[in-house]
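Below is one structure. I have some questions about it.
A note on names: the letters A, B, ... follow the listed sequences, proteins ahead of strands, and every chain is numbered from 1.
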Amino acid sequence: GESVGLHLPTLSVQEGDNSIINCAYSNSASDYFIWYKQESGKGPQFIIDIRSNMDKRQGQRVTVLLNKTVKHLSLQIAATQPGDSAVYFCAENPQGGKLIFGQGTELSVKP
Amino acid sequence: GAGVSQSPRYKVAKRGQDVALRCDPISGHVSLFWYQQALGQGPEFLTYFQNEAQLDKSGLPSDRFFAERPEGSVSTLKIQRTQQEDSAVYLCASSLSSQMNTEAFFGQGTRLTVV
């Protein structure tokens, strides 16, 4: 079936370095994508979104890149901080209101 | 309230017991979603309401699962005759608009453990 998947299940970076988290999606009908951050014991927290008519969107310290040709999404976090440690999920909205989430990447930031 | 509120935060149920999980969405939010998150996995869609209308229940795993939102605000997810495979975190999310592609805000979830 349709799915959203992540290339790397875990990522460990040094504080201050940039982080890149990747995601592959398979539903070409999806026109909206979101990155969520989930800390232990909490619900997913919205980070940034992008629509399919864009290929890049920037927020505060975060950038999302969308490559529709290869169905690839990435999240870049600049100057990664210990507070960024969490599990990151990409999600797509292929139809209706529901989101399809990927498996998640655990980001660990070493001080 | 300031965010999506779910109760209880934790629930332990004996196998075969019925449970009811509550979600208070952000005031005024039209859309409400329920997701199930197994340990180490991403959330999986269960059902979606627009006001009081349940528009999509395609993700409910069996007829033991039932959701309602009678007045278009608070929602309850009920699981009858719980099984061990029902153990998961149940997440509720709400969004302001009925339009697609609008930000959904999640609650902290209810962790259900079936023993």
Toward chain A, the part of B:Ser58 with a non-hydrogen atom under 4.5 Å | side chain
Side chain, backbone, both or neither: which part of A:Tyr36 has an atom under 4.5 Å from a heavy atom of chain B?
-> side chain
Do B:Leu55 and B:Leu32 share a hydrophobic cluster (ILVMFWY, side-chain heavy atoms under 4.5 Å, transitive)?
-> no
Neighbour count >12 (heavy atoms, 6.0 Å) for atom CD, B:Glu71 | no
Segment of B:Ala93 engaging chain A (4.5 angstrom heavy-atom cut-off) = neither
State yes or no: do B:Leu46 and B:Tyr48 share one hydrophobic cluster built from I, L, V, M, F, W and Y residues joined by side-chain heavy-atom distances below 4.5 Å, directly or via other members?
-> no
B:Tyr35 side chain to A:Lys98 backbone, donor-acceptor under 3.5 Å = no
Exercise: identify the closest heavy-atom pair between B:Leu91 and A:Gly43 | CD2-CA, 4.0 Å
Under 4.5 Å heavy-atom distance to chain B, tell me which part of A:Leu99 shows up: side chain, backbone, both or neither.
-> both
Hey, any chance A:Met54 and A:Leu66 share a hydrophobic cluster, counting ILVMFWY side chains that come within less than 4.5 Å of each other, even indirectly?
-> yes
Which portion of A:Gln45 sits near chain B, non-hydrogen atoms under 4.5 angstrom | neither
For B:Glu85, does the CD atom sit with more than 12 other heavy atoms under 6.0 Å from it, leaving out its own atoms?
-> yes
Are A:Val62 and A:Trp35 co-members of a hydrophobic cluster defined by side-chain heavy atoms under 4.5 Å apart?
-> yes
Give a yes or no on whether A:Lys68 atom NZ has more than 12 heavy-atom contacts from other residues, nucleotides or ligands under 6.0 Å away.
-> yes
How far apart are the closest heavy atoms of A:Pro44 and B:Phe106, and which atoms are they?
-> O-CB, 3.4 Å
How close do B:Glu103 and A:Tyr32 get, heavy atom to heavy atom, and via which atoms?
-> N-OH, 4.0 Å
Mark yes when over 12 heavy atoms from residues, nucleotides or ligands other than B:Glu68 sit less than 6.0 Å from its CD; otherwise mark no.
-> yes
Measure the CZ-CD distance between A:Phe101 and B:Gln37 for me, rounded to the nearest 0.5 Å.
-> 8.0 Å
Given B:Arg9, B:Arg111, B:Gln108, the one with more heavy-atom pairs under 4.5 angstrom with chain A than any other is B:Gln108
